[in-house]
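This report concerns only the one structure given below.
Predicted model only: the values in this text are computed from it and were never measured.
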Amino acid sequence: MERSRRVRQLKEAVPFAVVGSTTVLDVGGKKVRGRQYPWGVIEVENPSHCDFIKLRCLLGTHMQDLTEVTQDVHYENYRSERLAKGAGAPMTTSSTNIMMANNNMQPNGNALPSSKFIMGRNKLSNEEKTRALTLLKEGASVIRVAAEVNVTRMAIYNLKKAVESLPPGTVPPRKPGSGAPKKTSPRTDKIMRREVLNDPAITAAELKKNHPALLGNVSVRTIQHRLQISLKLPTRRAAKKPLLTEAMKKKWLSFCKR
């Protein structure tokens, strides 16, 4: 709760108004750093005068996030622009980052559980989202969470951003996918599976013919795809070899008479 309150205060203070000074002034018998003006004094470490304290707090508690966002978001955007303009890609990482990547280490020196912390998937299941959010709540870094769940860091950043606008404890729902909806339902798949197990030699066309109410608007190719790929039920009927057509016979006879 205290951390959430601090984060909210930091967000409300953006953009920060910072005044720097190395001059020590006497204000009410107290030595403070600030700037002297004809109308008064601006104190560097006075929250009502300057946001220096908030910025220092941000750099102290969110330095890891700032580093990762700079590397994974801002730098990658800059690198993509350079490549698009044909100017050539800049240096990808510093020698320190390369060494940490080769040694499978985090910036704090702790080893990562997997060497796939740089590359990974972009999509998370509901179970993985729950696990990632739990780790983030416990104070784990984005690098650690991405390695634990085996996804990219950008996926974790997107998850954190999606959670900000949701009530506490809520897992972001999956975004609707592109393309047309599935032609078959779990009930339809169950019926097709039962039919194939009872008669392994049955074809997709026969299934469509036997169940016009369920598969009337489903193509034979879609039924084959659901059986072979989704339901893991490969065909048990031997493929027919193509017969020679009259045109093929004439072609072969012409070839042989040469």
Side-chain donor or acceptor of S254 paired with backbone N/O of K251 under 3.5 Å: no
Residue pair K129 / L159, side-chain heavy-atom distance below 4.5 Å: yes
Sidechain-backbone polar pair: T130 side chain, N126 backbone, donor-acceptor under 3.5 Å: yes
Minimum side-chain heavy-atom gap L214-R187 below 4.5 Å: yes
4.5 Å side-chain heavy-atom contact, R221 and Q224: yes
Spacing of R194 atom CZ and K190 atom NZ [to the nearest 0.5 Å]: 7.5 Å
Backbone of S219 reached by a side-chain donor or acceptor of K208 within 3.5 Å: no
Side-chain heavy atoms of V32 within contact of D26, under 4.5 Å: no
Test item: Q228 side-chain N/O and H225 main-chain N/O as donor-acceptor pair under 3.5 Å: no
Spacing of T203 atom OG1 and N210 atom CG [to the nearest 0.5 Å]: 8.5 Å
Close side-chain approach of P172 and L166, heavy atoms under 4.5 Å: yes
Side-chain touch K160/L136, heavy atoms, less than 4.5 angstrom: yes
Nonpolar side-chain network containing V24, other nodes, edges under 4.5 Å: none
Residue pair K250 / L253, side-chain heavy-atom distance below 4.5 Å: no
Inter-residue atom distance I42.CD1 - C50.SG, 0.5 Å rounding: 8.0 Å
Ion pair check, R33 and E43, cut-off under 4.0 Å: no
Single-linkage hydrophobic cluster V218~V220, side-chain heavy atoms < 4.5 angstrom: no
Minimum side-chain heavy-atom gap V151-I156 below 4.5 Å: yes
Inter-residue atom distance E206.CD - E195.CD, 0.5 Å rounding: 10.0 Å
Which donor-acceptor pairs under 3.5 Å do side chains of residues 13-23 form with protein atoms, sequence neighbours excluded?
from, atom 1, to, atom 2, distance (Å)
S21, OG, T23, N, 3.1
S21, OG, G34, O, 2.6

Plane angle bin for W39 and Y37 - parallel if under 30°, tilted between 30 and 60°, otherwise perpendicular: parallel
Within one Ile-Leu-Val-Met-Phe-Trp-Tyr cluster: L197 and L215, side-chain cutoff 4.5 Å: yes
